[in-house]
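Atoms within each ligand, like the ligands themselves, are counted from 1 in listed order. Since the model is a prediction, treat every value here as computed from it, not as a measurement.
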Amino acid sequence: MDEKQTITAISTPAGSGGIAVIRLSGRNALEIARKIFKGRAALKDAASHTAHFGTIVNPKTKEPLDQGVFTVFRAPHSYTGEDVVEISCHGGVFVTEKVLEASLEAGARLAEPGEFTKRAFLNGKLDLSQAEAVADLIQARTERSLTASLQQLTGKLYQKVQAIRKGLIEILGLLEIELDFSEEDIELISTEKLLKQIKRVEKDLRKTIVTYEKGRFLRDGVKMTIVGRPNVGKSSLLNLLLGSERAIVDETPGTTRDALEALLNIDGILFRIIDTAGLRQTKERVEAKGVEIAQFHLKEADLIVFIFDNCDGWTEADDFVWQSVEAAIREKKSRVLIVRNKIDLTATGKGTGLPERVLKNTVIPMSAKRGTGLKHFHNALQRLTRVDDNLGRHEFIISNIRHVRAMADAADALASAEKAIKSGLSQEFTAVDIRSALDHLGEIIGETSPEDVLDYIFNNFCVGK
Ligand SMILES: Nc1nc2c(ncn2[C@@H]2O[C@H](COP(=O)(O)OP(=O)(O)OP(=O)(O)O)[C@@H](O)[C@H]2O)c(=O)[nH]1
Ligand SMILES: [Mg+2]
């Protein structure tokens with residue numbers, strides 16, 4: 001990537017809209033904008049943060065393409081930290097392409113995905129975690145995930161990481177002085193205090209790592225799979241949750257054969273709900289395929305909703321399904337919510353004789369047909385996804401797997417430092433471990449990130465950002 005070239009791209013989404021924005025960034029941004037601008041203002045001398053109305057023209061033929069507003073941001077007071085011109089034109093697909101072509105002809109180069117944000121990072125306008133938050137913010141689909149990415153964008157993660165690093169750098173400084181004067185045997189920090197401080201940082205890191213799951217739920221949503229033997233009311237529950245007749249409901253067992261997916265925003269968290277074919281052993285080819293797909297979604301679920309029929313009580317067929325559920329709990333630590341369905345038919349039912357291992361989980365009595373128990377169901381969902389009202393607003397959370405890995409590596413390095421201290425090894429070893437922890441933490445904010453990591457992150461952006 002050549003940082004000296006002026007780059008351009010359409011920064012608004014593809015398709016037609018009221019207006020579209022073509023962005024230019026780089027040291028020739030104003031010169032290039034001047035070539036495609038015809039208006040009263042002398043664009044080249046325009047002050048920062050000013051907008052200028054004019055005709056957008058082909059730089060060679062001067063043929064008019066559209067009318068638009070050129071907004072000028074001068075370095076370093078722009079998104080990228082370079083000279084930036086944002087051209088707002090009419091939002092037709094064809095017109096927008098024409099204006100982009102004009103800026104290319106006038107000397108700009110097409111921007112790579114995320115290149116504007118990468119430049120902002122390289123020019124110190126954002127740290128790496130903030131740059132990543134920009135991508136998350138764009139992709140946010142619920143209010144909660146928006147708040148979480150905003151939290152990161154405003155530098156909360158950066159501040160947290162820097163505070164931890166500062167503590168470690170202080171310790172490292174003391175250790176290094178001691179090492180320099182090792183013959184004189186001075187002790188600036190007692191072993192006990194050293195151990196205590198390192199332990200405290202490690203604990204803090206581990207505590208932050210645990211928030212990842214919440215963060216992931218906020219960012220990617222919760223995958224929730226509805227399972228149960230045929231005819232217990234899985235599709236009825238899906239319809240109830242969505243408030244529409246999304247799935248076919250019928251008294252014939254084996255009605256649902258394929259997996260049905262629907263997105264639902266429940267209290268600010270996005271759920272990807274999957275209704276599946278009833279799980280049972282079957283020789284029928286198509287149904288068997290459906291059962292296979294259902295098993296797949298069961299394994300992939302963050303949250304499994306297991307339904308049984310209250311009238312029939314717990315049957316062997318339920319036990320068959322439950323075995324798969326237990327496997328998922330064991331292997332993936334999936335959370336489980338149990339629905340005792342059709343309570344409108346009998347008040348008590350046989351559903352009281354649930355095995356102990358099943359009863360350990362939350363059981364919600366419901367009537368998917370009548371809508372009874374929906375409130376309890378929602379409350380249980382909230383509890384299970386551990387989403388409380390404060391989440392994303394006051395609580396610090398981490399939502400990016402790259403950050404989690406770096407923190408885990410840093411915490412491991414500190415654990416190794418503790419071990420070195422306890423076994424009385426030379427402080428040299430402790431210092432090496434602390435330095436390693438610092439490097440891992442630096443990766444999060446981009447201070448020690450190798451070039452390929454940067455490329456990976458920015459290539460995941462869309463062009464124009
Ligand atoms: N009375 C009563 N009937 C229900 C309730 N929930 C579902 N049913 C009925 O039970 C039958 C099966 O419902 P579905 O929602 O199709 O069940 P399913 O689990 O999706 O069934 P398959 O797709 O065949 O596995 C239908 O006749 C529903 O009307 C309920 O809460 N009360
Ligand atoms: Mg069904």
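- Other residues, nucleotides and ligands contribute at most 12 non-hydrogen atoms within 6.0 Å of the CZ atom of R405.
- When each atom of ligand 1 is checked for a heavy atom of S235 under 4.0 Å away, the hits are 15 (O), 18 (P), 20 (O).
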Starting from the C-alpha separation in whole Å, work towards a yes-or-no answer on side-chain hydrogen bond (donor to acceptor under 3.5 Å, both in side chains) for D136 and Q152. CA-CA 9 Å; D136 286 350; Q152 193 174 317; 4.8 Å; no
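- Here the closest non-hydrogen pair linking H297 and T225 is O-OG1, 2.9 Å.
- The N/O atoms of R370, backbone and side chain alike, include none that comes under 3.5 Å of an N/O atom in ligand 1.
- The N/O atoms of V232, backbone and side chain alike, include one that comes under 3.5 Å of an N/O atom in ligand 1.
- Heavy atoms of P253 found under 4.0 angstrom from ligand 1 belong exclusively to the backbone.
- Close N/O approach between G233 and ligand 1 is found [any backbone or side-chain N/O within under 3.5 Å].
- The closest protein non-hydrogen atom to atom 29 (O) of ligand 1 is V249 CG1, 3.7 Å.
- For the pair E284 and E287, the tightest heavy-atom approach, listed with the atom from each and the gap, is OE1-N, 3.1 Å.
- For the residue pair R165 and Q162, a side-chain donor N or O sits within less than 3.5 Å of a side-chain acceptor on the partner.
- Set against the non-hydrogen atoms of G278, the atoms of ligand 1 under 4.0 Å away are 25 (O).
- Scanning all protein heavy atoms for the shortest distance to atom 3 (N) of ligand 1 gives K369 CD, 3.5 Å.
- Among the atoms of T276, none of the N, O or S atoms falls under 2.8 Å from the Mg ion (ligand 2).
- Shortest contact from atom 18 (P) of ligand 1 to any protein heavy atom: K234 N, 3.4 Å.
- When each atom of ligand 1 is checked for a heavy atom of S367 under 4.0 Å away, the hits are 30 (C), 31 (O), 32 (N).
- Taking any N or O of P230, backbone or side chain, none lies under 3.5 Å from an N or O belonging to ligand 1.
- A donor-acceptor contact shorter than 3.5 Å links the side chain of T276 to the backbone of I226.
- Ring pair W314/W322 is perpendicular by interplanar angle, where above 60° counts as perpendicular and below 30° as parallel.
- Each of the following atoms of ligand 1 lies closer than 4.0 Å to a heavy atom of L345: 1 (N).
- Where the criterion is an N or O separation shorter than 3.5 Å, residue side chain and backbone included, D250 meets it with respect to ligand 1.
- The closest heavy-atom contact to atom 10 (O) of ligand 1, among the options E251, R229, K342, comes from K342.
- Ligand 1 has a nitrogen or oxygen under 3.5 angstrom from a nitrogen or oxygen of A368.
- No side-chain N or O of S436 forms a donor-acceptor pair with one of D433 less than 3.5 Å apart.
- Listed here is the closest heavy atom pair of A277 and A294: O-CB, 3.8 Å.
- Looking only at distances, a side-chain donor or acceptor of S103 sits under 3.5 Å from a matching main-chain atom of V99.
- Heavy atoms of T252 approach ligand 1 to within less than 4.0 angstrom.
- Checked options R357, R280, R229; the residue passing with D319 is R357 (criterion: salt bridge (Lys or Arg N to Asp or Glu O under 4.0 Å)).
- Only the side chain of D344 comes within 4.0 Å of ligand 1, counting heavy atoms alone; its backbone N, CA, C and O stay farther away.
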Just do the side-chain hydrogen bond (donor to acceptor under 3.5 Å, both in side chains) check on T255 and D250 with the steps written out, would you? CA-CA 6 Å; T255 303; D250 195 81; 4.5 Å; no
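- The Mg ion (ligand 2) does not have S236 among its coordinating residues (no N/O/S atom, backbone or side chain, under 2.8 Å).
- In this structure a side-chain-to-backbone donor-acceptor pair under 3.5 Å is present from R402 to I444.
- Residue N231 has at least one N or O atom closer than 3.5 Å to an N or O atom of ligand 1.
- Residue contacts with ligand 1 do not include G228, since none of its heavy atoms lies under 4.0 Å from the ligand.
- Annotation: atom 15 (O) of ligand 1 to nearest protein heavy atom, S236 OG, 2.5 Å.
- Considering backbone and side-chain atoms together, T255 places an N or O closer than 3.5 Å to an N or O of ligand 1.
- With hydrogens left out, the protein atom closest to atom 6 (N) of ligand 1 is N341 ND2, 3.2 Å, a heavy atom.
- Using a 4.0 Å cut-off between a side-chain N of Lys or Arg and a carboxylate O of Asp or Glu, E202 and R206 qualify as a salt bridge.
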